[in-house]
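Computed from a prediction, not measured in an experiment: that's the story for all the values here. Just so it is clear: chains get the letters A, B, ... in the order the sequence lines come, proteins before strands, and each one is counted from 1.
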2 protein chains.
Amino acid sequence: MASIEEVAKLAGVSTATVSRALSGRGHVSPASRAKVEKAAGQLGYVVSSNASSLASGRTRNIGVVVPFLNRWFFSSVLEGAQQALLRHGYDLTLYNLAGDGQERASVFEHFLMRQRVDAVIAVSLELTPPEVTRLHELGKPLVGVGGPIPGVHTLAIDDGAIAKLATEHLISLGHTRIAHIGGSSEFDLDFHLPSHRRIGYESALTEAGLTVDPRLFAAADFMVPGGYTAAKQLLGNPRDRPTAIFAASDEMAFGSILAARDLGLSVPGDVSIVGIDDHDLAEFFGLTTVAQFPRVQGERAVDVLMNELEPGRGEVPAPTATPLPYELRVRSSTARPAA
Amino acid sequence: MASIEEVAKLAGVSTATVSRALSGRGHVSPASRAKVEKAAGQLGYVVSSNASSLASGRTRNIGVVVPFLNRWFFSSVLEGAQQALLRHGYDLTLYNLAGDGQERASVFEHFLMRQRVDAVIAVSLELTPPEVTRLHELGKPLVGVGGPIPGVHTLAIDDGAIAKLATEHLISLGHTRIAHIGGSSEFDLDFHLPSHRRIGYESALTEAGLTVDPRLFAAADFMVPGGYTAAKQLLGNPRDRPTAIFAASDEMAFGSILAARDLGLSVPGDVSIVGIDDHDLAEFFGLTTVAQFPRVQGERAVDVLMNELEPGRGEVPAPTATPLPYELRVRSSTARPAA
DNA sequence: CTGAAAGCGCTAACAC
DNA sequence: GTGTTAGCGCTTTCAG
């Protein structure tokens, strides 16, 4: 492995110049730069990130903490963040806080803190105040995606507004008995979106002069089987069967579509179904949904971080204010209720 | 941020002792160890991984390269690897080679090489000989998962055997017109499993004295919509409709089940369907499949690496030889063909 | 614009 | 079992 010294020797300059030429910091004459680049190329030189980090205090590495890897939302956010980081020349080290509190503590104390990252992106995780404080003490910027972290710059879609939009779509089609499949309360611990979405749903109903019927709510776990089970309950109701279901996630909406089919109900003939996400399979299922662009959320999180880490690069001024985009995508799972 | 020196001072020992006590390398008296641990605790000391890496040459960090993040197989392998690494005290830095060759080259030249990782795990990626050579030159162990990399220790299930097993299950039930939905040839570029699985399927047929009918093969992209489309083609055939479909992935099998339903065919009444994977939703769909435990594959890859990186820890002797497990899981999507 | 030199914080011989 | 010390390879003042 060629070292900076060898490059300097070959290029006929000092190591300082090599460093400057290759990192882009500080001025170097075009001539020297050319010589350095040539030498570096010949030697296959690549900086040692450790030596560089140690000397400069910057690691060019971002820690990303997610609670799940195999769910559409999280893997999409991760993908967006990864790509954006790559463009900025940063690496991404991944921490999957799947397990218990034990594992979580371990990740925090022994991993994130070892100065290995310049900043952290927490996806749908509610960090505790001590955790946040610790990070701040270390001067590590922290940005949250999709989860409310007190005192932290968080990127999150307006769950209430999204849920309201989805519900209003159903109302505008003429539905009055609209069921909701939302998260069970346990999910509220780490990310409050279940309740926010439920509130949005209820407020749309109320504003339209409809009453909120608690029997039209079913809790599930955001996944397909959960949505299926919940929808079966809802749709199996012998009287007052809902004519529409608003599911808090596309996966639960897929489950609902399958449940309806299994009951011999047609979608959207007998029941309209709308979700939230715009999952990869939404198109396939013809699902009407509110898209929330998680990839973009990941990219945005990186933008925010880059702003803090490398100011003056002419980035967006105040991304804090930028609302995250969402968009109703009407497909074939919703229609006017049967007369 | 407390440094090792402060800890040493507070504990009344030298920095070397602190290092030894905290890293576990070399002998330290219980008394000193206790003092050091107490001091470190009080100061909230955590080693600087950069300084440590620079001095020792070990980063305790593994690079994992995957082509996709949002597919069940890959995220599962990643999850397994992440967890196993955590147990060993290693970090995982993630490289997603989603994009073009440009991005790929960049990852290779500028990221993997910056001495940030001790080893790399390549998932379903066929690295080119120069890439492999480069890694070897740097003395970085490399292990492949699911993809054949020439000259590299690779963990892969026996795709031929798995496909054969799935097909034999169908044959043993009495099916003779068995269709296969496999990967299109473009997929063969990076991971050859499509052709291996097709070969397994064909050999099962041949051994049972059945003829291989090319009209019973359809190519797809391993995902649900692709499987759906392929299955519709296969099942829509007005004469000689197959009585069973063997799909090379569970997602394509799900698509096939949905296609059958949409055609009014019952599964397994009119058509039996079997997949490969044991995807999270296989249970939900009642899909008979051959499980391939990707999480375990990720963990195994880590085991192999740890063996190379930290020999003499009493690990498994020769994991090279260890065949990866797979298992037929019979559910409700397969049955004898209708009489 | 460039070079010399002082560390960044830790580990690993090497002595004791 | 423990301390001393020489680096690991780079960045960054500080001069020039």
Side-chain angles (χ1 to χ4, degrees), chain A residues 1-37 39-40 43-61 89 110 113-118 138-139 309-310, chain B residues 1-37 39-40 43-61 89 110 113-118 138-139 309-310:
Chain A
M1 202 61 211
S3 77
I4 197 172
E5 212 151 342
E6 303 176 46
V7 178
K9 199 157 295 171
L10 182 57
V13 297
S14 72
T15 60
T17 300
V18 174
S19 174
R20 285 190 278 253
L22 262 25
S23 71
R25 299 176 199 285
H27 288 237
V28 180
S29 74
S32 305
R33 159 164 286 116
K35 281 188 295 184
V36 169
E37 278 167 358
L43 267 40
Y45 171 76
V46 187
V47 297
S48 152
S49 60
N50 289 311
S52 169
S53 302
L54 183 57
S56 70
R58 278 176 272 93
T59 65
R60 296 186 80 74
N61 187 30
H110 301 299
M113 299 307 170
R114 324 193 247 212
Q115 313 262 28
R116 186 160 270 168
V117 300
D118 288 338
L138 292 169
L309 257 22
E310 308 181 355
Chain B
M1 204 60 214
S3 76
I4 196 172
E5 213 151 342
E6 303 176 46
V7 178
K9 199 158 294 170
L10 181 58
V13 297
S14 73
T15 60
T17 299
V18 174
S19 175
R20 284 191 278 252
L22 262 25
S23 72
R25 297 175 200 287
H27 288 235
V28 181
S29 75
S32 307
R33 160 163 286 116
K35 281 189 294 183
V36 169
E37 277 166 358
L43 267 39
Y45 171 77
V46 188
V47 297
S48 153
S49 59
N50 289 311
S52 169
S53 302
L54 184 56
S56 70
R58 278 177 272 93
T59 65
R60 296 186 79 76
N61 187 30
H110 301 301
M113 300 307 170
R114 340 190 235 213
Q115 313 263 25
R116 187 160 270 168
V117 300
D118 288 339
L138 292 170
L309 258 22
E310 308 181 356

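Of the side-chain N and O atoms in A/Ser32, none sit less than 4.0 angstrom from OP1 or OP2 of C/dC1. Taking side-chain N and O atoms only, A/Thr17 has a distance below 4.0 Å to OP1 or OP2 of C/dG3.
If you check D/dG3, C/dT2, C/dA5 against the side chain of A/Thr15, the one that comes closest is C/dA5. Which of D/dT12, C/dT2, D/dT4 sits closest to the side chain of A/Ala16 comes down to D/dT12.
Between the C1' atom of C/dT2 and the NZ atom of A/Lys9 lies a distance of 18 Å, rounded to the nearest Å. Across the protein-nucleic acid pair, A/Arg25 atom CZ and C/dT2 atom P stand 18 Å apart, rounded to whole Å. Atom CD in A/Gln115 sits about 13 Å away from atom P in C/dC8, given to the nearest Å. Between the P atom of D/dG1 and the NZ atom of B/Lys35 lies a distance of 14 Å, rounded to the nearest Å.
In terms of polar N and O atoms assigned as donor or acceptor, the side chain of B/Arg20 comes within less than 3.5 Å of the base of D/dG3 in a complementary pairing.
Among the heavy atoms of the strands, none lies under 4.0 Å from A/Ser53. Counting non-hydrogen atoms under 4.0 angstrom, A/Ser23 reaches nothing in the nucleic acid.
A heavy-atom distance below 4.5 Å is found between the side chains of A/Val18 and A/Val13. Between A/Val28 and A/Thr17, some side-chain heavy-atom pair lies under the 4.5 Å cut-off. Contact check for B/Asn61 versus A/Arg116: side-chain heavy atoms found under the 4.5 Å cut-off.
In this structure, B/Arg33 and A/Val18 both approach DNA chain D, and ranking their closest nucleotides by distance from the 5' end singles out B/Arg33.
Using modelled atom types, one side-chain atom of B/Glu6 and one backbone atom of B/Ser3 make a donor-acceptor pair closer than 3.5 Å.
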Report each atom pair, protein N/O against N/O of nucleotides 6-9 of chain D, whose distance is under 3.5 angstrom.
residue, atom, partner, partner atom, Å
D/dC8, O2, B/Ala55, N, 3.2
D/dG9, N2, A/Ala51, O, 3.2

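Remark: B/Glu5 CD to B/Ser14 OG distance equals 10.5 Å, nearest 0.5 Å. Taking CZ of A/Arg58 as the reference point, atom OG of A/Ser56 lies at 4.0 Å (rounded to 0.5 Å).
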Exercise. Is there a side chain to side chain contact (heavy atoms under 4.5 Å, CB included) between B/Ser53 and B/Asn50 once you walk through the steps?
Worked result: CA-CA 5 Å; B/Ser53 302; B/Asn50 289 311; 5.6 Å; no
